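Data block below; observations after.
Residue numbers begin at 1 in each chain, while the letters A, B, ... track the order of the sequences. In this text the structure is predicted, and so the values were computed from the model without any measurement. Side-chain atoms are counted along with the backbone in the values below, which use heavy atoms only and exclude waters and symmetry mates.
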There are 2 protein chains.
Amino acid sequence: MMAQVRAMRADARRNYERLLEVAAEAFAEHGEGASLDDIAKRAGVGSGTLYRHFPTRQALLEAAYVDRIEAIAARADTLAGQLPPGEALVEWLNELGAGLTQVRGLRALLGSAVTEGSSAAATVCAGTLRSAAARLVEAAQQAGGLRQDVDAVDILRLTHGVATAVELADGEGQQIRRYLALLVEGLRA
Amino acid sequence: MMAQVRAMRADARRNYERLLEVAAEAFAEHGEGASLDDIAKRAGVGSGTLYRHFPTRQALLEAAYVDRIEAIAARADTLAGQLPPGEALVEWLNELGAGLTQVRGLRALLGSAVTEGSSAAATVCAGTLRSAAARLVEAAQQAGGLRQDVDAVDILRLTHGVATAVELADGEGQQIRRYLALLVEGLRA
DNA sequence: GTAGGATACGGAGAGGGCCCCCGGTTCTGC
DNA sequence: GCAGAACCGGGGGCCCTCTCCGTATCCTAC
């Protein structure tokens with residue numbers, strides 16, 4: 001909870017930020033399996049430096065995309081203010097789905113965010129996404145447009161599953177809307 | 001299409017079968033990522049032998065589970081003869097889903113079977129599953145219980161996605177039925 | 001401006017996985 | 001039995017992950 005006791009040293013901060021840039025590119029390009037040593041090399045640092053800043057692949061993935069996740073979460077509130085509850089949720093899921101298919105690393109991140117018993121389930125990204133989804137889900141349920149027997153995590157998990165399914169098709173952008181539409185149909189109250 | 005030009009040498013056949021046994025165990029235990037060298041070692045053969053019989057991980061996975069896949073496909077016809085078209089499809093998906101969650105390697109196999117542009121899409125397993133699903137899907141569509149704008153591959157892909165989603169939960173067996181039920185709801189005509 | 005300690009760097013190396021290759025062995029047809 | 005085809009095995013190249021510690025860099029206090 002405390003702010004950092006001490007500011008980062010200037011060189012450390014430079015490396016940290018350079019790593020994030022390179023990592024975001026690498027994950028987007030090669031998926032979540034991108035070589036970490038390669039990321040370190042491309043960032044012009046030793047692999048030790050990478051692992052010191054980001055002890056696990058998860059940590060790096062999360063740090064690289066945390067702003068994007070927050071943007072998506074913020075979008076939930078915007079949509080909630082513009083559309084009726086049910087439609088807001090649907091539209092948000094579509095936008096989330098679009099993000100998941102465009103940026104490969106994001107799908108992995110969502111996956112670990114909704115994995116029960118994973119250490120990643122307790123991270124900032126996971127919490128942010130879950131609570132954004134929960135707001136929309138609860139509103140939709142109260143408005144009566146959404147089944148009562150599902151919760152936000154169920155829906156995020158299913159969205160992740162649908163995104164996975166889409167990755168196996170080659171239709172790209174179109175497919176995610178189609179598949180999500182089917183899912184949404186099943187979720188209707 | 002031709003039968004093998006020549007029977008396998010006796011030692012080759014022994015190794016082949018021993019590898020299949022061990023592989024099925026290993027995939028079920030460690031998922032599709034199980035170490036191939038380790039499988040070779042446990043089967044008491046060199047890794048060269050493994051790679052000669054099964055040039056790719058896919059090939060081994062498929063060979064290890066082909067009989068299970070065929071059993072599932074056969075089950076489709078049984079169900080088609082016992083239940084109304086819509087229900088037969090639903091029940092079959094539930095059984096397929098149960099298989100996918102119980103045997104970890106199967107999920108990976110289904111995944112590659114429905115991946116467009118994958119070499120695995122042309123394999124025996126893929127064809128068997130697709131055509132079994134297609135029979136049920138077409139019957140259900142003709143009976144009017146299923147949307148017209150989806151095909152068997154869509155449904156298999158989504159089932160794979162749902163199984164992936166379930167793997168992230170910890171509820172195990174119960175969840176797959178729940179999640180599939182939602183999907184099925186969305187597929188109804 | 002500089003000395004000194006705290007902080008961070010970097011890349012070698014251990015460990016493990018994948019997969020190919022080829023010298024040696026084992027089986028089969030005659 | 002014997003020749004030769006068929007097959008075996010595991011060593012080795014390559015890539016990846018992750019750790020460790022001697023060295024370089026930065027910050028601070030004077």
Side-chain angles (χ1 to χ4, degrees), chain A residues 2-23 25-64 104-105 108-109 112 118-120, chain B residues 2-23 25-64 104-105 108-109 112 118-120:
Chain A
M2 285 180 55
Q4 280 181 302
V5 175
R6 197 171 183 28
M8 253 175 156
R9 233 171 68 175
D11 52 347
R13 168 158 295 284
R14 266 198 308 277
N15 285 332
Y16 183 90
E17 280 168 3
R18 182 101 185 84
L19 278 168
L20 284 187
E21 276 175 41
V22 173
E25 281 173 33
F27 285 133
E29 186 174 353
H30 301 113
E32 70 164 326
S35 159
L36 297 187
D37 272 17
D38 197 54
I39 289 174
K41 201 162 294 173
R42 281 208 260 166
V45 305
S47 50
T49 299
L50 187 155
Y51 285 100
R52 197 168 331 101
H53 285 306
F54 309 101
T56 65
R57 180 180 293 276
Q58 269 307 315
L60 179 55
L61 202 48
E62 172 152 3
R104 304 184 53 190
L109 199 47
S112 56
S118 140
S119 60
Chain B
M2 284 180 58
Q4 281 179 300
V5 174
R6 195 173 182 32
M8 255 176 154
R9 237 172 66 174
D11 54 345
R13 168 159 294 281
R14 268 198 306 277
N15 284 333
Y16 182 91
E17 280 168 3
R18 182 101 186 85
L19 278 168
L20 283 187
E21 275 175 41
V22 173
E25 281 173 32
F27 286 133
E29 185 174 353
H30 300 114
E32 69 164 326
S35 159
L36 297 188
D37 274 16
D38 197 54
I39 288 174
K41 200 162 297 175
R42 282 209 260 166
V45 304
S47 51
T49 301
L50 187 154
Y51 287 101
R52 194 168 336 98
H53 285 307
F54 310 101
T56 65
R57 176 180 295 275
Q58 268 309 313
L60 178 55
L61 202 48
E62 171 152 4
R104 303 185 55 191
L109 199 47
S112 56
S118 141
S119 60

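Taking every side-chain heavy atom of A:Ser35 into account, D:dC16 is the closest of C:dT26, D:dC16, C:dG10. Closest contact between the side chain of A:Ala12 and the listed nucleotides D:dC8, C:dC18, C:dA8 involves C:dA8. Nearest to the side-chain atoms of A:Ser47 among the listed nucleotides D:dT19, D:dT17, C:dG10 stands D:dT19. Taking only side-chain atoms of A:His53, from C-beta outward, the nucleotide of C:dT26, C:dC9, C:dC18 with the closest atom is C:dC9. Among D:dG9, D:dA6, D:dT19, the nucleotide with an atom closest to any side-chain atom of B:Arg52 is D:dG9.
Classification of A:Arg42 and A:Asp38 as a salt-bridged pair holds, one side-chain N sitting under 4.0 Å from a carboxylate O.
A distance-only check finds no donor-acceptor pair linking the side chain of B:Arg57 to the backbone of B:Leu36 [under 3.5 Å].
Side-chain contact between A:Val45 and A:Arg18 is absent, with no heavy-atom pair separated by less than 4.5 Å. Using a 4.5 Å heavy-atom cutoff, the side chains of A:Glu17 and A:Arg13 are in contact. Side-chain contact between B:Phe27 and B:Val22 is absent, with no heavy-atom pair separated by less than 4.5 Å. Using a 4.5 Å heavy-atom threshold, the side chains of B:Met8 and B:His53 count as touching.
No engagement by B:Ala43 is indicated, since no non-hydrogen atom pair under 4.0 Å with the nucleic acid exists. Among the protein residues, B:Asp38 comes within range of no part of the nucleic acid, since none of its heavy atoms lies under 4.0 Å from any strand. Residue contacts for A:Asp11: at a heavy-atom cut-off of 4.0 Å it reaches the sugar-phosphate backbone alone, with no base atom in range.
With rounding to whole Å, A:Asp37 atom CG is found 13 Å from C:dG10 atom P. Atom CG of A:Leu50 and atom P of D:dC20 are 16 Å apart (whole Å). Rounded to an integer number of Å, the gap from A:Leu19 CG to C:dA8 P is 14 Å. Between A:Lys41 atom NZ and D:dC16 atom P the separation is 8 Å, expressed in whole Å. Between A:Phe54 atom CZ and D:dT17 atom P the separation is 15 Å, expressed in whole Å. In this structure, B:Met8 atom CE and D:dA6 atom P are separated by 13 Å, rounded to whole Å. Across the protein-nucleic acid pair, A:Glu32 atom CD and D:dT17 atom P stand 12 Å apart, rounded to whole Å. Whole-Å rounding puts the B:Tyr16 OH to C:dT26 P distance at 24 Å.
Taking only side-chain nitrogens and oxygens, B:Thr49 comes nearer than 4.0 Å to OP1 or OP2 of D:dG9. Under 4.0 angstrom from either OP1 or OP2 of C:dC19 there lies at least one side-chain N or O belonging to B:Tyr51.
Taking for each of B:Asn15 and A:Gly33 the nucleotide of DNA chain D with the nearest heavy atom, the 5'-most of the two is the partner of B:Asn15. Between B:Arg57 and B:Arg14, the residue anchored closer to the 5' end of DNA chain C is B:Arg57, taking for each the nucleotide with the nearest heavy atom.
Between the base of C:dT26 and the side chain of B:Arg9 there is a donor-acceptor pair shorter than 3.5 Å.
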